[in-house]
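Following: one structure in structure tokens, then a few remarks.
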Amino acid sequence: MVPRTDAALVAYSNNWAARLAESPGDYGITAQQVERFAGLRAPYVAIYNVMMEARADGTWSRSQTKARDAARAALLAYARELYAMVQANSSVSDANKVLLGIHVRAGGGTSRASAPAERPGMRVGQVTGRTIEVEIYDAASRGTRGKPKDAVQAIVYYSVGESYPSDAGEWRFAGLATRGTFGFTVPQGVPPGTRVWVRAAWTNRTGDEGPASVPVSTNVQFGGMSAIPTPRAA
């Protein structure tokens with residue numbers, strides 16, 4: 001099903017947007033449907049990013065919550081409509097349905113995999129200005145960059161502040177990592193010297209998310225390049 005929580009829905013809708021941009025016909029989606037989905041996704045992702053910034057400095061308001069809720073409801077309604085349409089479309093391969101995070105019904109040739117059981121290992125690599133690079137690896141394989149057999153990618157989150165939040169909903173979406181090295185850029189409003197925390201979780205082909213890694217941290221740089229090693233997090 002389409003996830004409801006903000007961070008998960010942002011990641012889920014980003015995956016749809018990326019795959020539909022490449023080849024919507026493979027998923028039985030028309031150009032008009034892609035355009036409508038994009039039109040609903042963009043304002044929701046934008047207000048989600050504003051929410052994450054505002055929560056950090058305590059400026060988030062009730063009116064903004066209502067706007068977020070309205071944007072999320074509109075996206076969810078249409079995303080569920082597309083989900084049901086693609087799920088029922090026999091001309092769309094099981095493999096392509098799985099890539100979109102759609103559950104393949106019994107008898108379709110594909111069984112639903114369980115969520116990854118292990119959390120990733122993570123360490124900070126190069127930091128260049130606002131761009132942070134992290135290495136994500138299979139903690140059980142002693143630091144190699146491979147993934148567990150039940151994982152196809154990692155969803156990466158970050159948080160800004162001297163300490164990281166305990167509430168999973170307050171972590172900001174950084175992106176999806178399909179390789180061992182992943183880089184992202186923090187917003188312009190985050191001043192140099194600010195501490196940034198990063199964590200990740202493996203996901204399977206249907207988008208089910210496993211446990212999050214131990215957070216690692218670094219600082220936004222004033223300029224140039226800095227390699228800041230961190231202890232391996234199991």
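- Annotation for Ala74 and Leu40: closest pair O-CD1, 3.8 Å, computed over non-hydrogen atoms.
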Subject >> Trp197 and Tyr164: CA distance, side-chain angles, deciding distance, ring-ring contact (aromatic ring centres under 6.0 Å, His included) verdict >> reply: CA-CA 6 Å; Trp197 296 86; Tyr164 60 84; 5.0 Å; yes
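- From Glu81, atom CD reaches atom CE of Met85 across 8.0 Å, with rounding to the nearest 0.5 Å.
- Taking 4.0 Å as the cut-off between side-chain N and carboxylate O, Arg72 and Asp69 count as a salt-bridged pair.
- For the pair Tyr48/Leu9, no side-chain contact is recorded, criterion being any heavy-atom separation below 4.5 Å from C-beta on.
- Within the structure, salt bridge (Lys or Arg N to Asp or Glu O under 4.0 Å) pairs that include any residue of residues 8-32 do not occur (at least two apart or interchain).
- Of all heavy-atom pairs between Ser13 and Val45, the closest is OG-CG2, 4.4 Å.
- Listed by chain and residue number, nothing satisfies the ring pair (Phe, Tyr, Trp, His ring centres under 6.0 Å) test with Tyr27 (two or more places apart in sequence, or in another chain).
- For Phe182, there are no ring pair (Phe, Tyr, Trp, His ring centres under 6.0 Å) partners two or more places apart in sequence or in a different chain.
- Looking at Ser213, its side chain does come within 3.5 Å of a backbone N or O of Ala200 through a donor-acceptor pair.
- The shortest heavy-atom contact between Ala7 and Trp171 is CB-O, 4.4 Å.
- Counting heavy-atom neighbours within 6.0 Å of Glu35 CD, excluding the residue itself, gives a total of 12 or less.
- Taking both residues in full, the closest heavy atoms of Ala67 and Ile47 are given as CB-CD1, 3.3 Å, listed atom of the first, atom of the second, then distance.
- Between Val220 and Val186 the shortest heavy-atom distance is CG2-CG2, 3.9 Å.
- Under a 3.5 Å cut-off, the side chain of Tyr83 and the backbone N or O of Val2 do not form any donor-acceptor pair.
- Between Pro120 and Ala139 the shortest heavy-atom distance is C-CB, 4.4 Å.
- Proximity of a side-chain donor or acceptor of Gln153 to a complementary backbone N or O of Ala151 within less than 3.5 Å is not detected.
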